[in-house]
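For reference, the structure discussed in these notes is given below.
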Amino acid sequence: MTSIITMQMFVCPICAAPLQVCDRTLACDLNHCFDISRKGYVNLVPAQHRNSKAPGDHEEMVAARRRFLAQGYYRLLRECLAATLDELLIEGAVADLGCGEGYFTAALVSHCRQIYGVDVSKAAINAACRHSEPINWAVASTTQLPLRTSGFELAMVVMAPMSDDVIRVLKPGGYLIRVTPAAAHLWEFKSLVYAQPRKHQRATADLNGFSLERTLTIEDQVWIEGSSLTDLLVMTPMRYRTAKTWAKTLAKQPALSLSVAFTLDVFKVSDARS
Ligand SMILES: C[S@@+](CC[C@H](N)C(=O)[O-])C[C@H]1O[C@@H](n2cnc3c(N)ncnc32)[C@H](O)[C@@H]1O
Ligand SMILES: [Zn+2]
């Protein structure tokens with residue numbers, strides 16, 4: 001199975017009507033128009049909602065994350081996501097919400113018919129377009145998704161904020177895969193940069209309208225060195241919360257054996273949505 005680009009699941013962020021593709025533009029019946037960029041993504045943040053401050057991850061964070069992921073440190077999680085899609089026999093449309101620069105999104109194209117990657121960060125979606133896989137990319141916030149109601153068989157939220165709007169875009173019986181950091185995630189690194197490091201707490205499994213089907217803990221130990229250590233700091237909020245001396249600390253630590261640990265939860269839309 002190979003994914004295709006149709007953009008047919010996008011809806012107008014202003015009036016929620018379906019969008020039709022016409023040349024390099026998406027337009028609704030009320031003639032709200034959204035250009036498809038040269039790179040191939042559509043910006044579905046209405047002009048009146050575009051603040052001067054760029055929301056989501058900024059360019060430096062995105063670049064650091066892209067370099068870090070390209071080294072394969074989170075390869076095991078990527079493989080587990082693809083395997084989970086296969087096990088769930090997903091054939092319809094899939095949405096990766098808060099997809100970042102698309103490392104995990106791109107791994108799914110041969111496992112479903114249509115894949116949508118949505119992130120509020122323009123820098124992230126710009127970087128995501130570098131992937132050659134056929135993916136429908138959009139800049140949009142997950143708080144109010146410009147996606148068809150009941151259009152998707154599966155949504156995926158990987159280390160990104162959850163939104164109450166996710167359930168609306170899922171079909172009855174649809175799935176949500178949520179990946180959050182598990183307790184030991186990046187522990188050795190946190191111990192290096194924080195005076196009092198804390199382990200990650202389990203995210204709530206009580207999501208309104210969903211039932212938890214299964215949970216998988218994915219643990220790996222990776223050898224990380226050189227500029228990847230700085231990239232790891234830059235791509236996470238740790239950069240802001242650590243002492244200003246982090247650059248010196250990392251300079252003294254050329255390599256690290258690092259725990260990477262994730263919790264992959266599979267939720268299903270409950271029969272009685274509330
Ligand atoms: C830690 S990154 C994870 C990116 C990607 N899922 C991955 O694992 O590589 C979190 C992402 O969530 C995005 N994000 C934050 N708030 C968002 C929102 N309200 N709507 C859509 N994306 C959002 C950020 O721009 C960033 O790309
Ligand atoms: Zn419209």
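Remember, predicted model here, so these are calculated numbers, not experimental data. Worth knowing before you read on, the calculation uses all heavy atoms, side chains too, and leaves out hydrogens, waters and symmetry mates.
Atom NE2 of residue H111 and atom CG of residue L154 lie 12.5 Å apart, to the nearest 0.5 angstrom. Note: L81 CG to D86 CG = 11.5 Å, rounded to the nearest 0.5 Å. With rounding to the nearest 0.5 Å, the separation of OG1 in T149 from CE in M9 is 11.0 Å. Atoms CD and CG, on E213 and L176 in that order, are 11.5 Å from each other to the nearest 0.5 Å. A distance of 11.0 Å separates CD in E153 from CD in Q114, rounded to the nearest 0.5 Å. Separation of atoms CH2 (W137) and SG (C99) is listed at 5.0 Å; rounding is to 0.5 Å.
Considering only heavy atoms from C-beta on, F34 comes within 4.5 Å of C12 through its side chain. For the pair L97/L145, a side-chain contact is recorded, criterion being any heavy-atom separation below 4.5 Å from C-beta on. At least one side-chain heavy atom of L186 sits under 4.5 Å from a side-chain heavy atom of L258. Taking 4.5 Å as the limit, some side-chain heavy atom of P18 sits within range of a side-chain heavy atom of R148. By the 4.5 Å heavy-atom criterion applied to side chains, S141 and P55 are not counted as neighbours. For the pair I36/V21, a side-chain contact is recorded, criterion being any heavy-atom separation below 4.5 Å from C-beta on. A 4.5 Å side-chain heavy-atom check between P254 and L229 finds every atom pair outside the cut-off. Looking at heavy atoms from C-beta onward, R67 lies out of side-chain contact with S227 at the 4.5 angstrom threshold.
The minimum heavy-atom distance linking V269 with G173 is given by the pair CB-N, 4.0 Å. Residues V62 and A123 come closest through the heavy atom pair CG1-O, 3.8 Å. Minimum interatomic distance between V222 and Y73 (heavy atoms only, all atoms of both residues): CG1-O, 3.6 Å. Of all heavy-atom pairs spanning C129 and Y41, the tightest one is SG-CD2, 3.6 Å. Taking both residues in full, the closest heavy atoms of G102 and A128 are given as N-CB, 4.3 Å, listed atom of the first, atom of the second, then distance. The two residues L170 and A155 make their nearest non-hydrogen contact at CD2-N, 3.6 Å.
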Requested in this report: Any chance you could lay out the side-chain contact (heavy atoms from CB on, under 4.5 Å) test for M162 and T204, step after step, and finish with the verdict?
Outcome: CA-CA 11 Å; M162 256 307 286; T204 179; over 6 Å; no
Query - Y74/D220 under side-chain contact (heavy atoms from CB on, under 4.5 Å): CA gap, chis, key distance, verdict - result: CA-CA 9 Å; Y74 292 175; D220 203 0; over 6 Å; no
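Proximity of a side-chain donor or acceptor of H131 to a complementary backbone N or O of E101 within less than 3.5 Å is detected. Side-chain atoms of R168 come within 3.5 Å of backbone atoms of L147 as a donor-acceptor pair (strictly under, hydrogens ignored). Side-chain atoms of S163 come within 3.5 Å of backbone atoms of T142 as a donor-acceptor pair (strictly under, hydrogens ignored). Looking at E188, its side chain does come within 3.5 Å of a backbone N or O of S259 through a donor-acceptor pair. Side-chain N or O atoms of N136 include one that pairs as donor or acceptor with a backbone N or O of M7 at under 3.5 Å. With hydrogens and angles disregarded, no donor-acceptor distance shorter than 3.5 Å links the side chain of Y175 to the backbone of L88. Under the 3.5 Å distance criterion, the side-chain polar atoms of S121 are matched with a main-chain donor or acceptor of D57. Side-chain N or O atoms of K190 include one that pairs as donor or acceptor with a backbone N or O of R198 at under 3.5 Å. At distances below 3.5 Å, not a single donor-acceptor pair connects side-chain atoms of S228 with backbone N or O atoms of F68.
Applying the salt bridge (Lys or Arg N to Asp or Glu O under 4.0 Å) definition to pairs two or more places apart or across chains, none involves residues 118-138. Within the structure, the salt bridge (Lys or Arg N to Asp or Glu O under 4.0 Å) test picks out no pair touching residues 14-34 (sequence neighbours left out).
Cluster membership check: L44 does not share its hydrophobic cluster with V120, using side-chain heavy-atom separations under 4.5 Å among Ile, Leu, Val, Met, Phe, Trp and Tyr. The cluster map of Ile, Leu, Val, Met, Phe, Trp and Tyr, joined by side-chain heavy atoms under 4.5 Å apart, puts I218 and V158 in the same cluster. No continuous path of hydrophobic side-chain contacts links V11 to I167 [ILVMFWY only; heavy atoms under 4.5 Å]. A continuous path of ILVMFWY side-chain contacts below 4.5 Å connects I5 to L19, so both sit in one hydrophobic cluster. L264 and F262 fall within the same hydrophobic cluster, defined by Ile, Leu, Val, Met, Phe, Trp and Tyr side-chain heavy atoms under 4.5 Å apart, directly or through other members.
Between Y116 and F10, the two ring planes are perpendicular [angle over 60°; tilted spans 30° to 60°]. Ring geometry for H185 versus H200: interplanar angle of 30 to 60°, hence tilted.
Annotation for Q201: atom CD does not count as buried by contact number, only 12 or fewer foreign heavy atoms lying within 6.0 Å. The environment of E225 atom CD is dense: over 12 non-hydrogen atoms of other residues, nucleotides or ligands sit within 6.0 angstrom. Dense packing is recorded around CZ of R78, with more than 12 heavy atoms of other residues, nucleotides or ligands lying under 6.0 Å away. Within 6.0 Å of the CG atom in D164, the count of heavy atoms belonging to other residues, nucleotides or ligands does not exceed 12.
Judged by the 6.0 Å distance and 45° axis criteria, R178 is not positioned over the aromatic ring of F267.
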